Amino acid sequence: MSDGIGIANLPNQRHKIVNSKGSYFTIMVCGESGSGKTTLINTLFATEICAPRNYRQRFAKQMDKTTEVEILKADLEERGFNIKLTVIDTPGFGDYVNNKDSWSPIVDFIDDQHESYMRQEQQPHRSDKQDLRIHACLYFLKPSGLTVKPLDVEIMKRLGTRVNLIPVIAKADTMTPEDLANFKIRVRAVIEAQGIKVYVPPIDSEDQNAADHARSMHSVMPFSIIGSTDDVTTPDGRVVKGREYLWGVAEVENEDHCDFKKLRSLLIRTYLLDLKTSTEENHYEAYRLAQMETRKFGEPKVKKLDNPKYKDEEEQLRKRFTEQVKLEEARFRQWEQHLIAERDRLNKDLENAHTSIKALEGELDQLAAYHRQGSGTVGRR
Ligand SMILES: Nc1nc2c(ncn2[C@@H]2O[C@H](COP(=O)(O)OP(=O)(O)OP(=O)(O)O)[C@@H](O)[C@H]2O)c(=O)[nH]1
Ligand SMILES: [Mg+2]
């Protein structure tokens, strides 16, 4: 609501076109189990003015571990502009590599939405299409590690070529500001080095304000977030959504604490239209083209697992994937061990330094005492 360049500020004509179509918008969340996906969805709804009134009853029990894909819907209103928001919550991946149950249902779900839309487009009556194509996929990175886990890298690679991928750093309140800043730098480096395709707001060359806004988004990416639907009171008496600690309150909507506000603004305000357009023009088009090349018009999609040739291929792929992840995990562990050893060594050095300082201080005290004694004797004489 506070951003000057929301949907409602689009040039009038464009606004009308968008409005008359109504705006469906679909967000998906995925990532490791327990990373805070469901909590963030709840937070998103709870902090929106037009959150469904029966929100608590509807969503309260979903705070348990999510075990299957769940589709939540809400109508939002942004300055007279209606958004029919769909949020797709997915079960988290386990801590160990179990490919079949982790990334593949999510990737399949995304492909299936493209497939279903494409099939509807091929029908004679195409006006009332069901459209659940994902416009933005939030990928949750746990803040626990020193860097991005190999499994996350592999999954993000696959997602980035299919949807607008937006990595987020979850539970920002569990890190110190310095650690968070360093983690952000590392995540950016990994994204760059691994060639992961992520969504970046475009820089508008004709509109200085919009370009500055896009740059400010770039500068904080990947967004750090804090999820909570609890109302807590800050030391200065404000009631906010946040998490209470002995040291104070981590506030969801405080930009000094995390980037939740920026992320929300990107999703349902400033870049909603761009996310939709790029889904249509890049991701859906890529899917459509790839399918057109491999099958005839109207022909159903070959179910990979029904076809022995693909089954073998898929098994091979799974094996390769697992091996690759294991290899990377091993390298990662080694690297982590190395860092821990290095840290221990430095701590030891520090300890030694402390001991020598203590010894030197002791000597100094002795000298001082000796000196005092000496001068005392002289004085008495
Ligand atoms: N400190 C902190 N804890 C959080 C945050 N978000 C969620 N949690 C906690 O993390 C735990 C898991 O949260 P969920 O939202 O259920 O995680 P999930 O990703 O949906 O988990 P699965 O459904 O199992 O994949 C809960 O105890 C939450 O209260 C956060 O921003 N900060
Ligand atoms: Mg969940």
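Indexing begins at 1, ligand by ligand and atom by atom, following the structure's order. What you see is a predicted model; the values in this text were computed from it and never measured. One-based numbering along the sequence shown.
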Hey, can you tell me if Tyr284 and Tyr117 have their rings parallel, tilted or perpendicular (30° and 60° cut-offs)? perpendicular

Any donor and acceptor pair, going by atom type alone, linking the side chain of [X] with main-chain N or O of [Y] inside 3.5 Å?
X	Y	answer
Asp259	Ser224	yes
Ser265	Lys261	no
Ser116	Asp112	no
Gln113	Phe109	yes

Do any N/O atoms on Thr90 end up under 3.5 angstrom from N/O atoms on ligand 1? no

Is it the case that ligand 1 has an N or O less than 3.5 angstrom from some N or O of Thr38? yes

Nearest heavy atom to atom 21 (O) of ligand 1, choosing from Gly92, Gly34, Pro91, belongs to Gly34

Can you tell me if Tyr245 has a non-hydrogen atom under 4.0 Å from ligand 1? yes

With heavy atoms under 4.0 Å as the rule, classify the contact between Leu40 and ligand 1 as side chain, backbone, both or neither. neither

Under 4.0 Å, heavy-atom basis, I'd like to know which part of Thr39 is in contact with ligand 1: side chain, backbone, both or neither. both

I need the atoms of ligand 1 closer than 4.0 Å to a non-hydrogen atom of [X], numbered in the order shown.
X	answer
Asp173	1 (N), 2 (C), 30 (C), 31 (O), 32 (N)
Gly227	5 (C), 6 (N), 30 (C), 31 (O)
Ile226	31 (O)
Thr174	1 (N)

I'd like to know if the Mg ion (ligand 2) has an N/O/S atom from Thr38 within less than 2.8 Å of it, counting both backbone and side-chain atoms. yes

Considering residues, nucleotides and ligands other than Arg333, do more than 12 of their heavy atoms fall under 6.0 Å from its CZ? yes

For atom CD of Glu361, decide whether the heavy atoms of other residues, nucleotides or ligands shown that lie under 6.0 angstrom number more than 12. yes

Would Arg288 and Glu285 pass as an ion pair if we require N to O under 4.0 Å? yes

